[in-house]
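Being a predicted model, the structure only gives us computed values, none of them experimental. Side-chain atoms are counted along with the backbone in the values below, which use heavy atoms only and exclude waters and symmetry mates. Just so it is clear: chains get the letters A, B, ... in the order the sequence lines come, proteins before strands, and each one is counted from 1.
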2 protein chains.
Amino acid sequence: MYSKELLKGTLQTIILKLLAENDRMYGYEITQKVKDLSDGKINLTEGALYPALHKLEATGLLSTEKVYIGKRVRKYYSLTVTGADTATNKVTEFSNFMETMKIILNLEPKMNDL
Amino acid sequence: MYSKELLKGTLQTIILKLLAENDRMYGYEITQKVKDLSDGKINLTEGALYPALHKLEATGLLSTEKVYIGKRVRKYYSLTVTGADTATNKVTEFSNFMETMKIILNLEPKMNDL
DNA sequence: CTATAACACCTAAGAGTTTTATGTATCTTT
DNA sequence: AAAGATACATAAAACTCTTAGGTGTTATAG
């Protein structure tokens, strides 16, 4: 598990990107997918995830549909058109940010630095 | 300028790493260095930086010395032994975190994905 | 020579996100 | 029958950062 601070600010980007690749997903599924992809190192808490999903829906980036599995409710989220745009932008921005951080933290140092 | 959220959680790591490479730096110098290295894309605000420096000093990761330049005061910060350890750990952790994020955000996709 | 910008420190209220804690309920496995 | 996994949700508290102030010095441009 990574220290909590690192994850800050990445939640929206993660949600949007997963939905860009999966058409529709529900909350619990997202937590499991992230746990899988991160090899258990990132565990989204429900207290953070659900409010984030609600906010993305409220701002028009996500739409929802409820599906009943027996008596249990699942709430599927999908990207809206705006949401798809935002997903692309957020991922690009994050990618650029990582490049900048590599420079600042002097990661990938050049041969002649060694 | 990157959206504010991304920077969250990276400030301590940035400070510690810069001091790992520069022996001693003062607050204003750190803001300028980060601006330089990031090509103007990251501007640390003083309202965030100074409290962060004070906190790192209070927790024993940094030590200080005041230097007078004419009548103006500069407060130089240096890593303590513990601070140097923490710097290494934080940078490593951040580096690992970036690798995980690459997977989640599906950056650097493989040939056969294209 | 004086006003503006740069240098250099600082704090505090508020905004925003996440953690922690809690609640409800269904389904599956032991 | 109990425990754990599935599935949603909210609310108080913690934490970090932004915004918005404040003080004072030095250099530069008009």
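Protein atom CD of A:Gln12 is 10 Å distant from nucleotide atom C1' of C:dT17, rounded to whole Å. Straight-line distance from the CD atom of B:Glu65 to the C1' atom of C:dC9: 16 Å, rounded to whole Å. Residue A:Tyr26 contributes atom OH, which lies 4 Å from atom P of D:dA7 at whole-angstrom precision. Atom-to-atom, CE of B:Met25 to P of C:dC7 comes out at 14 Å; the value is rounded to the nearest Å. Atom pair A:Asp36:CG and D:dA5:P shows a separation of 14 Å (rounding to whole Å applied). One can place NZ of B:Lys35 at 8 Å from P of C:dC7, the figure rounded to the nearest angstrom. Separating the CD1 atom of B:Ile30 from the P atom of C:dC9 is a distance of 9 Å, rounded to the nearest angstrom. Protein atom CG of A:Leu53 is 14 Å distant from nucleotide atom C1' of C:dT18, rounded to whole Å.
Residue B:His54 has no polar side-chain atom (N or O) positioned under 4.0 Å from OP1 or OP2 of C:dC9. Put simply, A:Tyr50 has a side-chain N or O that comes within less than 4.0 Å of OP1 or OP2 on D:dC8.
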Using a cut-off of under 3.5 Å, enumerate the N/O to N/O pairs linking the protein to nucleotides 24-28 of chain C.
{"from": "C:dT26", "atom 1": "O2", "to": "A:Arg72", "atom 2": "NH2", "distance (Å)": "3.0"}
{"from": "C:dC27", "atom 1": "OP1", "to": "A:Lys71", "atom 2": "N", "distance (Å)": "3.0"}
{"from": "C:dC27", "atom 1": "O4'", "to": "A:Arg72", "atom 2": "NH2", "distance (Å)": "2.6"}

Which protein N or O atoms sit under 3.5 Å from an N or O of nucleotides 18-23 of chain D?
{"from": "D:dT18", "atom 1": "OP2", "to": "B:Thr45", "atom 2": "OG1", "distance (Å)": "2.9"}

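If you take CZ on B:Arg24 and CG on B:Leu62, they are separated by 14.0 Å, rounding to the nearest 0.5 Å. Atom CG of A:Leu16 and atom CZ of A:Phe94 lie 13.5 Å apart (nearest 0.5 Å).
In terms of modelled atom types and a separation under 3.5 Å, the side chain of A:Thr80 and the main chain of A:Gly60 share a donor-acceptor contact. A donor-acceptor pair under 3.5 Å is formed between the side chain of A:Thr92 and the backbone N or O of A:Thr88.
Distance from the side chain of A:Arg74 is smallest to D:dA7 among D:dA7, D:dC17, C:dT18.
A salt bridge links A:Glu99 and A:Lys102; the closest N-O separation between the charged side-chain nitrogens and carboxylate oxygens is under 4.0 Å. Ion pairing of B:Glu29 with B:Arg74 is absent here, as no side-chain N (NZ or NE/NH1/NH2) approaches a carboxylate O to less than 4.0 Å.
In this structure, the side chains of B:Tyr68 and B:Val73 come closer than 4.5 Å at one or more pairs of heavy atoms. Side-chain contact check for B:Thr10 versus A:Phe97: some heavy-atom pair is nearer than 4.5 Å.
The side chain to side chain contact (heavy atoms under 4.5 Å, CB included) test applied to B:Val34 returns A:Ile104, B:Ile14, B:Leu18, B:Ile30, B:Ile42, B:Leu44, not counting sequence neighbours.
Using a 4.0 Å heavy-atom cutoff across all strands shown, B:Lys66 reaches no nucleic acid atom at all.
The residue among A:Lys55 and B:Tyr77 whose nearest nucleotide of DNA chain C is located toward the 5' end is B:Tyr77.
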